[in-house]
Amino acid sequence: MAQKQHLKDHFIEQQIFHNRSITAIFFTLILFSMLIFRLFFLQINSHEHFTTLSQNNRVSVQAIPPTRGLIYDRNGIILAENLPSYTLQIIPEQAADIETLLEKLSLLITLRDIDIKKFKKEVRRKRRFEGIPLRFRLTDEEVAIVSVNLHRLPGVEIKAQLSRFYPYGKETAHVVGYVGRINEKELKKLPVTNYSGTNHTGKLGVEKSYEALLHGQVGYQKVETNVRGRVLRVLERSNPIPGNDLYLNLDINLQKVAIEAFENKHGALVAINPENGQVLAMVSMPDYDANLFVNGIDSKTYKALNTSWERPLFNRTIMGSYPPGSTTKPFFALAGLELNVIQLDHEIFCPGFYRLKGKAHKYRDWKKWGHGKTDITKSIVQSCDVFYYDLAFQMGINKMHKFMTHFGFGKKSGIDILGERSGLMPSKEWKKRVRKQVWFPGETVIAGIGQGYVLVTPIQLALGTATLANGGQHFQPQLVSSIQRKADPFPRRVSPQVIRNVPILRKENWQEVHHAMTEVIHGARGTARRLNKPDLRYKIAGKTGTAQVFSVAQDATYKEDELEERLKDHALFMSFAPADNPKIAIAVVVENGGHGGSVAAPIAGKVIEAYLSQFSDEQLKQPVKKETREKPAKKQRTPVNVESDNTAAILHEEHKHG
Amino acid sequence: MASQSSSPSLFFRLHIDLTLLMGLIALIAIGQVILYSASGESMALMQRQSIRLGIALIAMLLIAQISPDTMRRWSPIIFIIGIIMLIAVLLVGTKVLGAQRWLDLGLFRFQPSEMMKLSVPMMLAWFLSSGNIPPRNKHLIIALAILLVPVLLIAKQPDLGTSLLVTSAGLFVIFMAGVSWRLIFGFIFAGIAFTIPMWLFLMRDYQRQRVLTMLNPESDPLGSGYHIIQSKIAIGSGGSFGKGWLNGTQSHLEFLPERHTDFIFSVFAEEFGFSGILILLSLYLFVIFRGIYITTQAHGTFSRLLGASIVLTFLIYIFVNIGMVSGILPVVGVPLPLVSYGGTSIVTLMAGFGILMSIHTHRKLLAH
């Protein structure tokens with residue numbers, strides 16, 4: 001039975017099996033078709049899409065920071081350079097635990113709190129697999145210690161970098177400034193792409209105001225990375241364009257002479273070349289070392305600097321507002337002459353005080369018993385106050401304001417560093433607008449001797465002196481003299497910018513004032529006659545000044561024994577030399593220095609001497625070469641030729657490249 | 001066919017099917033080439049794989065010498081031993097990567113679930129060939145029970161890939177034995193009818209989420225989706241002609257996971273492109289069709305059922321692996337047959353082809 005059934009089924013079985021085999025073949029073909037369709041879709045239809053994804057996977061773009069431009073003084077002495085230094089950085093993704101890693105590191109090298117704080121702040125903003133600097137400028141010893149232990153410190157790497165260094169960090173801190181690590185506020189303002197590889201930016205001084213020129217153009221490299229972000233090879237590289245080198249008008253040796261001359265006194269000095277507005281020296285005392293700031297100053301040192309009553313961080317040359325005192329007298333004398341208020345033979349009698357008509361108040365002269373008969377020259381040489389009380393009253397404050405504005409008083413000088421204060425040259429309108437009060441005649445009287453509302457910054461006083469010296473050409477003071485682009489064979493000069501020409505009524509008026517200023521030093525009774533030395537190859541013109549201090553009350557904390565010192569008057573001196581062919585114009589303020597002639601003038605004298613020593617007798621006598629005066633620059637500039645290219649144009653160009 | 005001539009060739013007498021062997025060797029050769037690239041040009045790894053291939057080839061040749069009749073008689077015993085070993089694995093097995101699949105036999109480690117890939121279809125072929133064809137419902141239920149025991153044991157290890165392959169191997173035997181289409185579709189509909197209410201009422205949210213992620217891995221790009229996304233990028237960026245041998249960026253830069261085992265197809269697709277894939281799939285198709293041809297020529301129900309099951313399981317291997325790496329099937333650990341790196345699977349596969357060769361070359365003895 002079983003056998004029979006088996007035989008019977010054999011045929012059916014064959015057929016079933018045959019049918020099922022055909023089904024299996026179809027089944028196979030269907031499954032294979034599905035696979036082929038799917039793969040066709042992925043590889044042919046969506047090929048581009050996946051190629052892009054694959055590229056993004058493996059290729060990452062890394063920024064190569066450009067080398068920051070160098071800064072030189074007028075003689076090519078380097079003021080800001082890039083020194084190779086070792087930076088310790090951490091790739092957080094590769095470090096197992098940041099806290100333990102930092103702990104381990106702190107056992108090996110010194111880690112200041114600020115380093116860790118800044119590091120943690122930056123961890124939040126950087127992209128993945130990017131090294132974040134923890135410590136800059138490792139010593140050779142530190143590099144060695146960390147290198148040996150590198151295997152125990154996953155995620156740590158030591159990178160050789162260039163770090164900014166200021167060989168004259170103390171001398172140039174207020175001028176060249178410094179760079180520092182980019183903070184969050186700056187991050188928002190700076191162009192993101194161009195700074196993608198940069199850790200530092202200019203914070204102060206030339207470093208800040210010329211940031212766009214100094215920084216350069218970022219380069220990049222396309223690198224192939226593996227899944228852990230490790231760079232395997234460089235696919236493409238575009239080199240960064242280094243920043244422009246800057247040459248300053250500043251003479252570092254002159255700067256050093258000036259600083260030495262200040263000894264330990266506080267104050268400021270600005271020296272300008274009256275022929276073109278170049279800033280030759282710019283000193284604010286006390287100073288500090290700019291290098292402290294480059295890689296993050298620790299909070300203790302910073303606090304000490306910032307809260308010191310000496311205010312070393314305060315750039316007195318452009319921010320210090322001082323009552324100019326008697327240094328305004330040559331300007332007002334000239335104003336009276338040029339505005340036809342007085343004539344060259346003008347003479348007054350000085351009884352030692354001045355009184356407005358109908359008023360009892362006496363405006364006193366510094367000389368109690370008076371100067372007696374006083375003409376213009378005597379008024380300047382002996383600094384007669386009464387002469388100027390009277391002159392001011394005759395002119396009125398608005399004429400004084402207008403005339404002084406020609407010389408740049410009451411306005412920012414436009415010097416090429418930031419943070420400048422505008423000083424104050426008051427007028428009736430000003431008082432109405434700002435103080436909401438009417439102008440009193442008595443305020444005109446004390447403005448006549450540079451007191452009252454009048455405030456100047458040392459740069460303004462130097463600039464005014466230069467304008468007075470060169471016969472009325474009011475230049476914009478310039479720190480940067482030329483800009484060297486790496487691609488160019490020669491640096492481009494920044495041409496002098498004339499802001500305005502002071503209108504001249506009579507040359508004799510100017511000569512009279514110059515003569516009087518020369519007598520201040522060379523006359524027998526000049527207030528700065530101590531500068532007159534028998535072996536001088538040239539004559540110096542100048543004017544002393546003493547300004548009352550009335551800002552002390554604002555300072556809440558000071559020690560008893562400092563009080564007297566700080567209540568002393570500021571000593572001022574403005575000067576140019578040689579008197580008949582000015583090559584240097586200078587303004588000196590010595591805070592609480594006492595009398596201008598005894599304290600401020602000697603400092604100026606030393607700087608003048610040092611500066612003019614480089615000129616031969618002939619050069620000193622050589623008259624001013626320019627016969628015609630340059631025209632002031634228009635606001636809307638016509639295209640400039642390359643030679644006389646100026647900063648603004650180059651800056652503009654740089655931005656286009658960016 | 002030369003092998004069917006009156007004077008059988010040398011190969012036929014050695015129980016070797018030359019056509020099938022050539023197809024297999026071509027696939028193995030391609031596999032070695034791509035493995036060299038996928039392993040990051042590791043000679044050590046190539047060496048180990050070569051040794052395994054050697055063992056696998058010897059196993060194939062040895063098994064080809066055993067007649068299908070002998071195999072049939074040994075089937076129940078092998079099956080019972082296999083079940084015992086599966087239970088042993090669950091009790092005393094070695095854990096590797098969270099799954100308990102290995103038996104430590106002192107000299108070497110053994111994966112009993114691999115053996116079941118052949119033992120289950122053998123058992124079912126033995127059982128069904130001894131009864132009526134097509135099987136009666138009673139036999140069918142017994143057959144399903146025979147299948148279910150090892151599948152559940154393997155799934156518990158857990159080894160989803162192998163239990164899937166064992167299930168399909170068993171089901172193919174039942175299918176080839178001639179289960180009526182009515183029953184087949186009935187099961188399919190029953191399955192769907194069972195799944196829907198379970199999905200709607202019985203499963204919890206997180207369970208549904210897990211199933212959805214398995215079906216659509218891209219919804220979880222950092223977790224389970226990462227492998228598939230990277231694999232699709234590898235395949236898609238290969239394009240028509242590929243990036244060239246050893247030039248696959250996805251694999252060489254280690255974006256592609258498991259690149260020398262389960263995801264080796266993606267490496268191949270990236271480096272050789274769509275044209276390369278067509279060649280590879282043609283070779284697979286060639287081997288499958290040769291296998292189907294062998295089963296249609298086979299004598300005896302046992303041989304036919306077993307042979308067809310082996311061939312169709314091979315097909316499932318290919319489909320599941322490529323479907324998985326190209327993102328149309330969920331990720332289950334199924335290697336690309338003859339290409340992926342891995343010892344036991346290649347030995348089992350070659351043993352399967354050994355059975356096919358045996359079926360083909362022992363025919364005459366049965367026929368006459």
Side-chain angles (χ1 to χ4, degrees), chain A residues 2 4-60 223-233 235, chain B residues 129 132-134 172 175-179 181 229-230 232-243 248-250 252-257 265 269-270 273-275 277-278 281-282 284-285 288-289 291-293 295-296 298 301 304-305 308 311-312 315-316 318-320 322-323 326-328:
Chain A
K4 207 173 162 191
Q5 203 171 14
H6 183 74
L7 284 172
K8 185 185 155 201
D9 287 346
H10 192 69
F11 178 70
I12 304 168
E13 190 194 316
Q14 274 268 353
Q15 264 212 322
I16 287 172
F17 195 76
H18 184 72
N19 287 340
R20 292 287 150 111
S21 295
I22 288 168
T23 314
I25 288 170
F26 274 113
F27 184 60
T28 308
L29 290 177
I30 287 166
L31 291 191
F32 267 70
S33 307
M34 282 168 73
L35 291 181
I36 285 168
F37 272 124
R38 175 62 178 172
L39 294 166
F40 185 87
F41 169 76
L42 289 179
Q43 297 200 291
I44 311 294
N45 280 10
S46 317
H47 173 56
E48 253 174 69
H49 170 67
F50 286 115
T51 302
T52 314
L53 290 180
S54 151
Q55 285 291 328
N56 291 349
N57 249 352
R58 73 187 179 97
V59 177
S60 63
V223 293
E224 191 171 81
T225 56
N226 68 4
V227 69
R228 282 176 299 281
R230 227 188 71 216
V231 174
L232 300 178
R233 64 192 166 117
L235 300 175
Chain B
S129 64
N132 271 4
I133 294 290
F172 282 132
F175 169 76
M176 291 308 283
V179 181
W181 286 108
I229 289 166
Q230 294 300 339
K232 275 166 73 180
I233 291 172
I235 297 170
S237 63
S240 309
F241 300 101
K243 295 176 185 171
T249 54
Q250 283 288 103
H252 285 273
L253 305 177
E254 299 171 37
F255 289 100
L256 197 60
F265 180 82
E270 185 184 19
F274 191 63
S275 44
I277 281 172
L278 287 182
L281 289 182
S282 306
Y284 276 130
L285 212 53
I288 289 168
F289 282 167
I292 291 176
Y293 172 80
T295 57
T296 54
T301 316
R304 281 178 196 151
L305 296 182
V311 175
L312 290 176
L315 166 71
I316 290 301
I318 297 160
F319 181 73
V320 171
I322 298 178
S326 62
I328 50 175

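We use all heavy atoms of the structure for the numbers below, so side chains are in, but hydrogens, waters and symmetry mates are not. Residue numbers start from 1 in every chain, and the chains themselves are labelled A, B, ... in the order their sequence lines are given, proteins ahead of strands.
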**Top of B:Ala308, B:Gly273, B:Gly323 for chain A proximity - count of heavy-atom pairs under 4.5 angstrom** =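 Looking at each of B:Ala308, B:Gly273, B:Gly323 in turn, B:Gly273 comes out on top.
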**Complete:** Answer key: most heavy-atom pairs under 4.5 Å with chain A among B:Phe172, B:Tyr284, B:Trp181 is B:Trp181
[atom2] on [Y] to [atom1] on [X], rounded to 0.5 Å:
X: A:Met34; Y: B:Ile328; atom1: CE; atom2: CD1; result: 5.0 Å
X: A:Leu39; Y: B:Leu278; atom1: CG; atom2: CG; result: 8.5 Å
X: A:Phe17; Y: B:Leu305; atom1: CZ; atom2: CG; result: 6.5 Å

**Prompt:** chain B heavy atoms under 4.5 Å from A:Thr52: which part of the residue, side chain, backbone, both or neither?
**Reply:** neither
**Prompt:** Of the backbone (N, CA, C, O) and the side chain (C-beta and beyond), which part of A:Phe41 lies under 4.5 Å from a heavy atom of chain B, both, or neither?
**Reply:** neither
**Prompt:** Distance-only, no hydrogens or angles: does the B:Arg304 side chain make a donor-acceptor pair with backbone N or O of A:Gln14 under 3.5 Å?
**Reply:**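 It does not hold such a pair.
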**Message:** Keeping A:Arg20 on the side-chain end and B:Phe175 on the backbone end, is there a donor-acceptor pair under 3.5 Å?
**Reply:** yes
**Request:** Taking the side chain as every heavy atom from C-beta outward, state whether A:Gln43 and B:Ile235 have any atom pair closer than 4.5 Å.
**Result:**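 A:Gln43 reaches B:Ile235 side chain to side chain.
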**Message:** Between A:Phe32 and B:Leu281, is there a side-chain heavy-atom distance shorter than 4.5 Å?
**Reply:** yes
**Message:** Taking side chain to side chain contact (heavy atoms under 4.5 Å, CB included) as the definition, give me every residue that meets it alongside B:Ser275, ordered by chain and number, with sequence neighbours left out.
**Reply:** B:Phe241
**Asked** In chain order, what residues pass the side chain to side chain contact (heavy atoms under 4.5 Å, CB included) check against B:Phe289, with sequence neighbours excluded?
**Response**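 If we apply the side chain to side chain contact (heavy atoms under 4.5 Å, CB included) test to B:Phe289, skipping adjacent residues, the hits are A:Ile25, A:Thr28, A:Leu29, B:Leu285, B:Ile292.
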**Request:** Let me know if B:Ile288 has heavy atoms under 4.5 Å from chain A in its side chain, its backbone, both or neither.
**Result:** side chain
**Message:** Could you tell me if A:Ser46 and B:Lys232 have a donor-acceptor pair between their side chains, going purely by distance under 3.5 Å?
**Reply:**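 Per modelled atom types, B:Lys232 and A:Ser46 side chains form no pair under 3.5 Å.
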**Request:** Provide the closest heavy-atom pair for A:His47 versus B:Gly239 in the form atom of the first, atom of the second, distance.
**Result:** ND1-CA, 3.2 Å
**When A:Asn45, A:Leu42, A:Leu53, A:Thr23 are compared by non-hydrogen pairs under 4.5 Å with chain B, the top option** = A:Leu42
**Between A:Leu31, A:Ile44, A:Thr51, A:Ile36, the one whose heavy-atom pairs under 4.5 Å with chain B are most numerous** = A:Leu31
